[in-house]
2 protein chains.
Amino acid sequence: MRSPKGYLAFGTNIGIKDKTKDFGVIYSEVPCKAAAVFTRNNFPGAPVIVGKEHVKSGVLQAIVINSKNSNVATGENGLKNARSICEEIAKSLEIPVTSVLPSSTGVIGVQLPMSVILPACTVAKSMLKPNNLEEVAEAILTTDKKRKISVRTIPSEKGEATIFGMAKGAGMIEPNMATMLSYIVTDAEVEGDLYALLKENVDQSFNCLTIDSDTSTSDTVTLLCNGLAGKVKPNEFKQALLEICIDLAKEIARDAEGATKLIELKIQKSRDRAQAQKVGKSILNSPLVKTAIYGGDPNWGRLVMAVGKVFDEPIPFQGLEIYFGGLAVKGADSDTLKKLSDYLKKNTDIVVDVVLNTGNFEMKFWGCDLTEGYIKENAYYTT
Amino acid sequence: MRSPKGYLAFGTNIGIKDKTKDFGVIYSEVPCKAAAVFTRNNFPGAPVIVGKEHVKSGVLQAIVINSKNSNVATGENGLKNARSICEEIAKSLEIPVTSVLPSSTGVIGVQLPMSVILPACTVAKSMLKPNNLEEVAEAILTTDKKRKISVRTIPSEKGEATIFGMAKGAGMIEPNMATMLSYIVTDAEVEGDLYALLKENVDQSFNCLTIDSDTSTSDTVTLLCNGLAGKVKPNEFKQALLEICIDLAKEIARDAEGATKLIELKIQKSRDRAQAQKVGKSILNSPLVKTAIYGGDPNWGRLVMAVGKVFDEPIPFQGLEIYFGGLAVKGADSDTLKKLSDYLKKNTDIVVDVVLNTGNFEMKFWGCDLTEGYIKENAYYTT
């Protein structure tokens with residue numbers, strides 16, 4: 001797998017919960033122009049609070065991540081621990097402490113096991129390897145079944161720049177402003193306002209994703225640009241970044257807790273973004289829509305219900321059109337219902353088009369079905 | 001079971017879908033002062049549209065209900081059918097057509113089988129029996145496992161007045177303004193604004209209920225008062241009505257699709273009703289909170305997440321208190337976690353208190369856990 005120049009990394013097990021990888025570090029040999037967006041949950045985790053402080057300068061050089069414990073709702077002690085981790089990493093890597101972005105994901109309300117984390121930070125430098133970002137993509141997982149990576153290359157003034165994105169998702173996913181954990185690192189030199197660029201991309205990718213309507217307290221998307229591949233064309237970078245963010249959002253939906261199907265919903269001919277978002281999220285968050293798609297039940301009436309329950313966005317019923325894989329289903333006869341049921345049962349990527357006919361704005365959203373697997377996974381998570 | 005004076009009723013099977021009861025009529029020997037509240041879903045069913053027209057006069061004398069088909073998203077033809085049903089019932093019972101409230105519940109988007117419904121309407125009068133409201137409570141069910149009835153008596157000027165309430169629920173339940181199907185009939189003579197009284201009661205009962213965050217297109221609560229027992233004290237009536245509505249709301253939560261536990265949530269010391277409602281619904285709609293309660297997982301952090309994801313109502317974390325069955329769980333040690341897990345596993349009625357410490361407003365909400373049963377029931381509903 002292509003890796004951007006100048007990034008060293010590792011992911012390993014330090015025994016936070018079980019024997020799977022639970023600790024990772026990404027390090028750039030030179031300081032990076034950086035931006036990050038974070039959860040809008042009003043009780044953000046301690047690493048989110050510290051991360052916001054550190055990324056303010058617009059420069060980062062390392063990311064330190066643990067899974068299996070989110071360091072959320074842990075009070076002053078939690079904050080102290082997040083800061084200690086950054087200090088220890090900064091010391092090991094010989095960089096300023098404000099160049100370290102901390103991240104934690106996992107159970108809420110439990111103090112971090114600092115007795116295993118601090119020693120791992122101390123030896124971080126010796127564990128770093130080139131072309132090793134995949135290990136971090138594995139170390140950040142919790143209930144995810146597989147790692148999520150998306151890579152693009154674009155031309156740069158020195159030849160070629162690589163953008164490497166990774167994410168973790170699974171559950172507690174209805175990102176807002178930011179989402180889950182995702183780290184995107186590149187050797188491109190990107191000019192201009194990196195935060196604005198990242199924000200715009202996230203709004204069209206991760207923020208159009210919902211797994212279960214729950215907004216995590218740890219959501220973080222971070223973009224590091226170390227510039228080693230030289231300047232790139234802003235539009236090419238923007239396009240590649242968007243493709244990576246959408247790739248990762250779809251991967252998160254496909255690998256959502258218990259999910260068997262990715263749902264790609266396009267809201268067409270809506271008045272504006274606000275209307276598209278409300279209707280899109282209402283459909284993809286409806287447990288009845290999600291279970292019907294899981295069971296191959298041709299119950300298109302539930303989509304009507306989900307559009308209609310957005311009280312402050314009344315859509316004329318006459319103009320509403322609903323398509324599954326291109327098949328018009330509103331008012332369907334029994335032949336069409338049979339076709340719809342077949343389509344749902346045969347495909348794992350379900351394409352839904354809902355045409356509102358209230359304007360000309362168009363927007364895509366991603367979600368997944370709701371299955372017994374989601375229940376099983378979440379009924380016994382901490383125990 | 002006590003029945004209010006002057007009401008005749010029946011519930012029967014006419015073969016709309018299977019062999020269970022699917023058609024019922026409630027009739028009062030004299031015209032009733034009446035009020036009703038309906039769904040806020042922007043695509044209300046045809047019976048809701050017709051029912052709104054008919055109840056405007058404040059007088060009703062009959063309710064005709066079918067289950068297994070909701071007559072929703074059925075266009076002009078659906079409206080015509082709802083009107084035909086009222087006309088046929090009015091003819092049979094020799095009352096004005098505007099005194100008939102129609103209701104339908106069941107699958108969305110399929111035309112009513114008028115060939116079996118109209119003949120049933122024609123012979124309605126001959127099937128009516130006194131003390132027979134229970135049969136209607138059975139005929140209105142869809143995926144409900146049992147009928148839901150609540151009865152209260154209060155003193156009246158002629159001795160005693162009875163208030164008889166019935167409801168159906170199960171799924172697609174996050175009522176707003178009104179809810180599911182519920183019919184409350186009484187022989188009390190109730191003075192004053194009946195709609196305002198009903199609305200106030202519904203806001204403290206059915207509107208504090210959520211099963212799955214989906215708002216049905218058929219929600220209707222109707223109150224009929226035929227006055228045969230004479231005048232009652234307004235406060236006593238109001239109190240009894242509220243008790244009935246809360247009883248029925250709790251019964252709906254207990255018998256929700258797949259549910260194994262009723263959750264009774266009290267939001268305490270909130271700023272006002274708006275804040276309590278947003279936080280209360282956010283907690284009870286969170287799939288992660290619901291699955292944790294199902295599995296007996298002492299994962300109190302998910303409640304913190306659910307309070308925190310109400311972006312426009314930031315609650316100071318310091319002041320937030322969380323209790324399960326009286327047990328304080330925020331920042332719990334392992335002993336407390338064990339107790340919490342035991343409490344969740346041993347009880348089917350789970351009492352949660354969340355104290356916001358932002359004011360002095362207090363409000364109760366009801367919900368249920370999320371289980372594999374909900375998935376099974378809804379993955380294959382129409383097929």
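This structure is a prediction, so every number in the text was calculated from the model and none was measured. Residue numbering restarts at 1 for every chain, and letters A, B, ... go by the order of the sequence lines.
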**Request:** Against chain A, work out which of B:Ala332, B:Gly258, B:Gly109 has the most heavy-atom pairs shorter than 4.5 Å and name it.
**Result:** B:Gly109

**Request:** Of all the heavy-atom pairs spanning A:Ala379 and B:Asp297, show the shortest one and how long it is.
**Result:** O-CB, 3.2 Å

**Message:** Could you measure the distance from the NZ atom of B:Lys376 to the CD atom of A:Glu372? Nearest 0.5 Å is fine.
**Reply:** 5.0 Å

**Request:** Heavy-atom distances under 4.5 Å only: say whether B:Val110 touches chain A with side chain, backbone, both or neither.
**Result:** neither

**Asked** Just wondering, do B:Asn378 and A:Tyr294 contact through their side chains at under 4.5 Å, heavy atoms?
**Response** no

**Prompt:** Shortest non-hydrogen contact from B:Tyr374 to A:Pro287?
**Reply:** OH-CB, 3.5 Å

**More than 12 heavy atoms from other groups under 6.0 Å of NZ on A:Lys269** = no

**Prompt:** Take atom NZ in A:Lys339; do more than 12 heavy atoms of anything else shown fall under 6.0 Å from it?
**Reply:** no

**Prompt:** Below 4.5 Å, heavy atoms only, C-beta onward: do B:Phe43 and A:Leu320 meet side chain to side chain?
**Reply:** yes

**Asked** At a heavy-atom separation under 4.5 Å, does B:Gln111 approach chain A through its side chain, its backbone, both, or neither?
**Response** neither

**Prompt:** Which one, B:Pro314, B:Gly373, B:Gly75, leads in non-hydrogen pairs under 4.5 Å with chain A?
**Reply:** B:Pro314

**Distance (rounded to the nearest 0.5 Å) between B:Ile108 CD1 and A:Leu288 CG** = 8.5 Å

